[in-house]
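Atom set for the values below is all heavy atoms of this structure, side chains included, hydrogens, waters and symmetry mates excluded. Note that the numbering runs from 1 along the sequence shown for the chain. Whatever order the structure lists them in is the order used to number ligands and atoms, beginning at 1.
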Amino acid sequence: PDPHKPPVVFHWLPIIGSTIYYGIDPYKFFSECREKYGDCFTFYLLGSPTTVFLGSKGNEFILNGKLRDLNAEEIYGPLTKPVFGKGVVYDCPNSKLMDQKRLLGPGLNGAALKSYVPMFVKEVEDFISSSPIFKPETGICDITTVMAEITTYTAAGSLQGKEIRDRLDAEVSLLYRHLDDGFAPINFVLPWIPIPRNIRRDRAQKAMAKLYLEVIQQRRTKSRSSDEQDDMLDILMKSSYRDGNQIPDEEIANLMIAMLMGGQHNTSSTGSWIVLRLAHDPALIEKLYQEQCDVLGPSLPPLTYDHLQSLTLHNNIIKETLRLHTPIHSVLRKVKTPMPVPETSWVVPPSHTLLAAPSFLGRTPENFPDPMKWDPHRWDDPTAGLVPAPIEAKDDKETIDYGFGAVSLKSIKSPYLPFGGGRHRCVAEKYAYTQLGAILATMVRLLQWEQVDMTKEVPPTDYSSMFSRPMHPAEVKWRHRK
Ligand SMILES: N#Cc1ccc(COc2ccc(/C=C/c3ccc(C(F)(F)[C@](O)(Cn4cnnn4)c4ccc(F)cc4F)nc3)cc2)cc1
């Protein structure tokens with residue numbers, strides 16, 4: 001083995017290398033490799049030498065890597081450009097992405113976010129009162145299907161705006177499905193193959209973008225009643241890039257599609273896992289109902305953003321679910337300049353892809369006692385998930401601003417990073433918590449549920465799609481709360 005490179009994971013097959021092992025269960029694969037090779041090792045992912053660097057040193061090395069050394073858009077661009085469209089996210093220089101993240105901020109935080117909560121609640125109430133699935137008094141449903149619909153309606157009913165929401169039942173959901181079918185790991189390597197799925201994806205992207213352009217035109221002509229809170233579309237229509245130019249309408253449309261895609265997969269996967277984990281321990285559902293009665297009063301008034309901030313058990317359930325069920329398990333970067341691995345004689349060459357798995361630390365006993373136990377109460381301990389900081393930790397206050405707000409430097413050392421870190425850190429964390437919190441609180445008010453077979457374990461994880469999710473079918477037995 002080459003003393004100047006990280007060790008290569010033994011594999012039988014050329015090209016395929018360890019792809020299948022990794023694809024079936026990344027954490028199991030990483031854990032076995034870590035036993036043999038330590039935190040930094042190289043494996044072959046569909047022919048590409050992929051260097052994994054686990055632990056907080058690896059997270060720092062990759063998530064806080066310098067722009068001249070590491071590149072995200074080279075890896076993600078081919079996959080996301082056909083789905084999101086031109087000129088946004090990974091189809092533009094990183095500086096433009098940082099500017100786009102800055103401009104998205106106000107639509108994902110503050111007054112806009114607060115205004116979404118009644119919309120989230122209404123969408124869940126309408127879904128449960130009108131969907132044929134919930135017509136009877138009790139029944140069995142596939143929670144991944146239900147959560148996908150609830151997530152789409154709550155995202156459309158808030159972030160996407162009224163016009164898109166109103167067209168959701170008919171054309172938009174079909175377009176969304178065609179777009180989504182094009183969002184598959186195979187498109188990391190072969191995004192251009194003209195298979196029907198990709199041709200439909202390209203057609204759907206154009207049709208979706210056209211829809212947004214029509215809505216933008218409509219809004220430009222008819223001035224909206226001023227008392228309504230601006231939604232994301234309003235905010236982007238009023239926004240300008242750092243260079244003073246307004247965001248072109250096409251880029252506004254494509255950013256809205258990116259938000260829809262990103263939000264959809266992360267929230268529906270996490271929402272499904274929350275329901276499945278609670279079905280395995282239904283007493284917790286009653287605890288959640290009790291928490292709402294205690295905190296909001298037995299009359300259970302209409303839910304507000306401020307209410308959600310005080311529902312501690314609800315938030316700890318989301319937090320604990322994200323620890324074991326982080327939708328994105330691997331963060332990938334292209335190496336652009338040879339990168340020496342600190343405290344070793346190794347240099348990662350530009351032919352390699354770097355892979356960080358921030359949630360690997362969420363499964364290590366040194367960071368979380370009994371790590372594979374899903375226990376929301378572990379977060380009642382104020383020291384849970386904190387890195388044992390040396391006394392003289394001076395960089396506590398130090399932050400860095402990549403262009404969309406201050407990100408703390410120390411936070412990258414945390415063993416709990418479900419929203420990533422550094423310049424590519426998620427800007428929609430608060431939106432995600434608010435959407436999930438509103439969905440969970442409303443479902444708890446309307447339904448009770450448990451596993452079809454209470455002796456079973458929680459379903460296994462399907463790591464093979466773009467976002468890890470429960471293996472299909474994931475069924476729960478539910479009934480309307482009296
Ligand atoms: N055999 C086999 C075999 C081997 C391996 C595998 C599977 O291996 C892998 C490896 C890596 C990955 C990475 C996932 C990945 C990355 C980027 C994105 C994204 F860009 F899309 C996103 O970050 C998503 N996001 C962020 N926050 N919210 N959404 C985003 C950004 C901004 C935006 F506006 C909208 C967005 F939605 N999405 C997903 C997934 C699977 C299967 C089978």
Side-chain angles (χ1 to χ4, degrees), residues 11 13 15-27 29-30 43-48 50 52 62-63 72-85 87-92 94 96-98 100-101 103-105 107-108 151 155 159 179-180 182-189 191 232 236 251-270 322 326-334 353-359 404 417-433 435-436 461-469:
H11 55 279
L13 303 168
I15 310 283
I16 296 286
S18 317
T19 302
I20 313 278
Y21 280 109
Y22 161 71
I24 289 171
D25 184 341
Y27 296 112
F29 174 62
F30 294 155
F43 77 101
Y44 279 82
L45 174 58
L46 287 177
S48 301
T50 304
V52 182
I62 297 170
L63 299 179
E73 58 270 21
E74 267 186 53
I75 300 275
Y76 297 147
L79 167 98
T80 54
K81 176 186 176 186
V83 178
F84 300 166
V88 298
V89 188
Y90 299 118
D91 185 50
C92 57
N94 185 269
K96 186 169 176 182
L97 169 58
M98 296 301 108
Q100 286 168 358
K101 290 176 75 167
L103 296 173
L104 290 166
L108 296 165
T151 305
L159 206 64
L179 205 48
D180 195 38
F183 208 32
I186 185 64
N187 282 344
F188 266 125
V189 281
M232 179 61 95
L236 292 178
E251 290 178 14
I252 293 179
N254 294 347
L255 280 170
M256 292 302 289
I257 293 172
M259 289 290 104
L260 181 64
M261 298 303 288
Q264 174 65 25
H265 285 281
N266 287 294
T267 298
S268 62
S269 169
T270 308
L322 283 170
T326 316
I328 297 177
H329 52 74
S330 301
V331 171
L332 304 172
R333 299 285 184 271
K334 188 77 185 70
T353 298
L354 271 174
L355 188 154
S359 289
F404 58 90
L417 297 170
F419 293 93
R423 66 177 59 249
H424 289 276
R425 193 193 191 291
C426 181
V427 288
E429 175 170 358
K430 272 196 181 319
Y431 175 82
Y433 261 85
Q435 186 182 26
L436 286 163
T461 304
D462 167 7
Y463 290 104
S464 67
S465 74
M466 282 304 290
F467 302 79
S468 57
R469 60 190 178 190

Open item on the list: Between Tyr22 and Ser330, does the side-chain hydrogen bond (donor to acceptor under 3.5 Å, both in side chains) criterion hold? Intermediate values first, please.
Closed with: CA-CA 10 Å; Tyr22 161 71; Ser330 301; 2.6 Å; yes

Open item on the list: A side-chain contact here means heavy atoms from C-beta on lying under 4.5 Å apart; do Phe183 and His265 qualify?
Closed with: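 The answer is yes; the side chains approach within 4.5 Å.
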
Task: ring-ring contact (aromatic ring centres under 6.0 Å, His included) assessment of Phe43 paired with Tyr21 - done: CA-CA 10 Å; Phe43 77 101; Tyr21 280 109; over 10 Å; no

Exercise answer, ligand 1 polar atom pairs (N/O) under 3.5 angstrom:
unit_1: ligand 1; atom_1: 28 (N); unit_2: Asn266; atom_2: ND2; d: 2.9
unit_1: ligand 1; atom_1: 29 (N); unit_2: Asn266; atom_2: ND2; d: 2.8

TODO: Just jot down the side chain to side chain contact (heavy atoms under 4.5 Å, CB included) partners of Ser48, sequence neighbours excluded, or say none.
DONE: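 Checked Ser48 against side chain to side chain contact (heavy atoms under 4.5 Å, CB included); matches are Thr50.
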
- [ ] Sequence neighbours left out, what passes ring-ring contact (aromatic ring centres under 6.0 Å, His included) with Tyr433? Give chain and number order.
- [x]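 Listed in chain order: nothing, the list is empty.
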
Open item on the list: According to salt bridge (Lys or Arg N to Asp or Glu O under 4.0 Å), who are the partners of Glu251, at least two apart in sequence or on a separate chain?
Closed with: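 Partners of Glu251 under the salt bridge (Lys or Arg N to Asp or Glu O under 4.0 Å) test: Lys96.
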
